[in-house]
There are 2 protein chains.
Amino acid sequence: MATGRTHRPATRSRGIPEATVARLPLYLRALTGLSERSVPTVSSEELAAAAGVNSAKLRKDFSYLGSYGTRGVGYDVEYLVYQISRELGLTQDWPVVIVGIGNLGAALANYGGFASRGFRVAALIDADPAMAGKPVAGMPVQHTDDLEKIISENGVSIGVIATPAGAAQQVCDRLVAAGVTSILNFAPTVLSVPEGVDVRKVDLSIELQILAFHEQRKAGEEAAVAEAAAAAGAVVPPVRAAGNGRKGPDGDMPAVMPA
Amino acid sequence: MATGRTHRPATRSRGIPEATVARLPLYLRALTGLSERSVPTVSSEELAAAAGVNSAKLRKDFSYLGSYGTRGVGYDVEYLVYQISRELGLTQDWPVVIVGIGNLGAALANYGGFASRGFRVAALIDADPAMAGKPVAGMPVQHTDDLEKIISENGVSIGVIATPAGAAQQVCDRLVAAGVTSILNFAPTVLSVPEGVDVRKVDLSIELQILAFHEQRKAGEEAAVAEAAAAAGAVVPPVRAAGNGRKGPDGDMPAVMPA
DNA sequence: TCTTGTGAAGCTCTTCACAGCA
DNA sequence: TGCTGTGAAGAGCTTCACAAGA
């Protein structure tokens, strides 16, 4: 998973486990696809396959919402779409602001997946005066000075931070002070927020690093020695102050640094 | 969590739990920050705060890597940076291709966080002939026709998919056939891949939906009734074929549809 | 004295397997 | 008969609390 919870004691909100909540959007997407193809009902097995999970998990997940299926038949697609949408709070309109209109911010502004789920981009905000007024995704970029005004006038409770890491905490503080209580953070930094504010983070580089970890494994344990040798040339390993007995699994730091 | 594992039986790779692997990049980022400020050593408490986790978890995580700390003192920053980098496979160079150079693909191509972690964007690939040759992030976009050639010539094992949902599976199949074994998927679709191929997904809209779920809770249980009423106007709820006894927690579908 | 490293306990999530129901 | 809904078992992860050791 590309993201991680922050500042929420993994406790169940009204009995629904966090892990289940995180999968509801997946089910919803699969169901929307079925709905568009006018499929009336679907079994847990079929829906699970479409969502990429196993059917026991799906049934367990749905059991937290209520008994929305019919034994021997399956689930009514339209009915389930409605129930999950309602559970996720998508039956209402969520105005969202995006702060930091660089490459990523602009991409987010143009991303179609938001509008189709009840999220409305209410404003684009950037600190660069040169950006002010410039249209992005058919919408003029506004200056950070007006952040508080924009938040309150639009009743925004969800903010997206796509600024450089250095500006993120400051932007976060201003968003929170202005009344935002949920933040999606794309900046590669840990945000600290008061109790009651939710932060979710997406870090593109972290995802790649996790892939690299597994990729390294696949390369084979028997090739590990050769890899360690190559690695010594790729980065400059730091010298340990005192070379005392470490018990790492293998590959202690090379004692001699390559010039 | 912005992301999710796919196709990997949450089993430990060489004894390191998945949850720990997912946090190593976080620790690495915090350590890199300390390293740049020339901090020589750090305690589990301090590092945990910088990474946004608690110290017991951090110590447990590190214990899977080996005994890299000094009791009564803490951890040597440089040494730990090296060990975690090595564990994640970041001491080697990872050529990466990005397929689908739309807004998001271009943002990824320009993203600085990759290069600093051993990831090198080896090629940008797009299906649109009009894009071919156009420079993005100082690099000419290449056509999908050459995908297989690009993969093999550059020894690419990690691919990033930033295409529309409809094209993702096809691109995925070609990447896998050409030798890619790790995929980071930004397209809002479930990819099916053969055994041995890792897929991680980042879905921006899913993150917002999870935030909306919690946001809805904060609005207060007492306001739930008013919300349900508003919801009835916001979306057109489907009519149940047979209105038999459902036992959802509350808010069964409205029986009367608004015109 | 101070901080790491780690068994053990507790908690959450997943999977199993089958009773319950249409 | 077929598929849902769910207790129970199992696996994995987090947190506690303290022994070990610099």
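Throughout, a chain's letter reflects where its sequence line sits, starting with A, and its residues are numbered from 1.
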Using a strict cut-off of less than 4.0 Å between a Lys/Arg side-chain nitrogen and an Asp/Glu carboxylate oxygen, indicate whether B:R217 and A:E87 qualify as a salt bridge.
yes

From the candidates C:dC18, C:dC13, D:dC13, the one with an atom nearest any side-chain atom of A:R59 is C:dC18

Which one, D:dC13, C:dC13, D:dT15, comes nearest to the side chain of B:P17?
D:dC13

Going by atom types only, do B:R59 and B:S44 share a side-chain donor-acceptor pair under 3.5 Å?
yes

Is there a donor on the side chain of A:R71 or the base of D:dT4 sitting less than 3.5 Å from an acceptor on the other?
yes

Among the nucleotides D:dT14, D:dG5, D:dC16, which one has an atom lying closest to any side-chain atom of B:R23?
D:dT14

Tell me whether the OP1 or OP2 atom of D:dT14 has a side-chain N or O from B:N54 closer than 4.0 Å.
no

Closest approach of A:L47 to A:A30 (non-hydrogen atoms, all atoms of both residues):
CD1-CB, 3.7 Å

Rounded off to whole Å, could you give me the CG-to-C1' distance for the B:L65 and C:dT4 pair?
14 Å

B:K60 side-chain N/O to D:dT14 phosphate OP1/OP2 under 4.0 Å
no

What residues 32-43 of chain B contributes to the DNA chain C interface at heavy-atom separation below 4.0 Å is B:S43

Between B:Y64 and D:dC13, is there a contact of a side-chain N or O with OP1 or OP2 at under 4.0 Å?
no

Nearest whole angstrom, please: distance from the P of D:dC3 to the CD of A:E45.
9 Å

